[in-house]
Amino acid sequence: MTWRCRTCGVEHDELPLCYGAEAPWRALVPEEEFDRRVELNADQCVVDGKVFFLRGHVELPIIGRAETFAWSVWCSLSEDSFVHVCDRWETPDRDGDSYFGWLCTSLPIYPETAHLKTNVRSRPPGETPLVEIQECDHPLFIEQRDGITLEQVEAIAHQLLHDPTA
Ligand SMILES: [Zn+2]
């Protein structure tokens, strides 16, 4: 169903329910050294063979709707955790594996989200891991627990996609 922004009138095929973020290698590696120092695919990023990032979703229930809103983010994991995740990437019973991770994505519209403590939980193969924020006084934790309204989802779309000052 077509969605029209209430704030500025821009039309989309649908209201976006997931926003991605680039893997956080730029904080560690100059662009011209990318090929030599960074291994990157859609789900995993390794810098210098010793810094390990995994992509996951912070999911926010949308109040009164079946759909879920998701921020696609990157977390840093210990080497042991990362190796464990990768070893079990295609394993049917990986569902429920969980790992400590530091959130390494600075999300827009929130107080700083980088370096929040998280629990990264595997889901069945093919599904993006779930990132559970562990710091209970952060707004993202509260939204993860209580959900957000459809109006908030629309406001996020406007702010991230249409607001030229953002
Ligand atoms: Zn708009």
Side-chain angles (χ1 to χ4, degrees), residues 1-32 34 38-47 51-77 85 98-166:
M1 192 179 79
T2 306
W3 172 70
R4 180 192 288 272
C5 179
R6 288 188 217 189
T7 307
C8 66
V10 172
E11 273 196 16
H12 295 261
D13 291 340
E14 346 192 309
L15 175 61
L17 295 180
C18 184
Y19 294 90
E22 189 180 50
W25 58 270
R26 285 180 197 276
L28 303 169
V29 178
E31 181 140 21
E32 63 271 20
F34 176 89
V38 180
E39 295 171 63
L40 175 65
N41 64 31
D43 299 294
Q44 293 140 357
C45 177
V46 179
V47 176
V51 184
F52 305 93
F53 300 106
L54 188 70
R55 188 176 67 86
H57 279 173
V58 177
E59 294 193 347
L60 312 178
I62 303 174
I63 295 165
R65 314 281 292 204
E67 302 100 319
T68 298
F69 179 89
W71 294 110
S72 178
V73 298
W74 293 82
C75 292
S76 74
L77 269 57
V85 168
S98 78
Y99 308 91
F100 177 82
W102 294 103
L103 189 56
C104 290
T105 299
S106 290
L107 290 174
I109 81 167
Y110 294 97
E112 183 57 72
T113 57
H115 312 304
L116 291 179
K117 292 176 184 169
T118 74
N119 181 49
V120 179
R121 196 143 57 82
S122 293
R123 294 190 280 195
E127 288 186 36
T128 304
L130 184 66
V131 175
E132 300 168 323
I133 307 297
Q134 298 294 302
E135 295 187 46
C136 57
D137 54 353
H138 195 281
L140 194 55
F141 174 92
I142 295 165
E143 291 187 356
Q144 166 191 274
R145 184 189 63 196
D146 298 344
I148 58 175
T149 63
L150 192 61
E151 289 70 26
Q152 281 175 285
V153 177
E154 294 182 340
I156 290 168
H158 172 71
Q159 195 168 344
L160 299 192
L161 303 176
H162 310 152
D163 185 349
T165 65

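Not measured: the values here are computed from a predicted model. Note that ligands are numbered from 1 as they come in the structure, with each ligand's atoms numbered from 1 the same way. One is the number of the first residue; the rest follow in order along the sequence.
Rounded to 10°, the angle formed at the Zn ion (ligand 1) by SG of Cys8 and SG of Cys5 is 110°.
Between Phe69 and Tyr19, the ring planes lie tilted relative to each other; the angle falls in the 30° to 60° range.
Looking only at N/O/S atoms, His162 comes nearest to the Zn ion (ligand 1) through ND1. Between the Zn ion (ligand 1) and the N, O or S atoms of His158, the shortest distance is to ND1.
In this structure, Glu151 and Arg6 have side chains that are in contact, with non-hydrogen atoms separated by less than 4.5 Å.
Closest non-hydrogen pair, Leu161 versus Pro16, comes out as CD1-CG, 3.6 Å.
Of the options Gln144, Arg121, Arg145, a side chain to side chain donor-acceptor pair (under 3.5 Å) to Glu132 is made by Arg121 and by none of the others.
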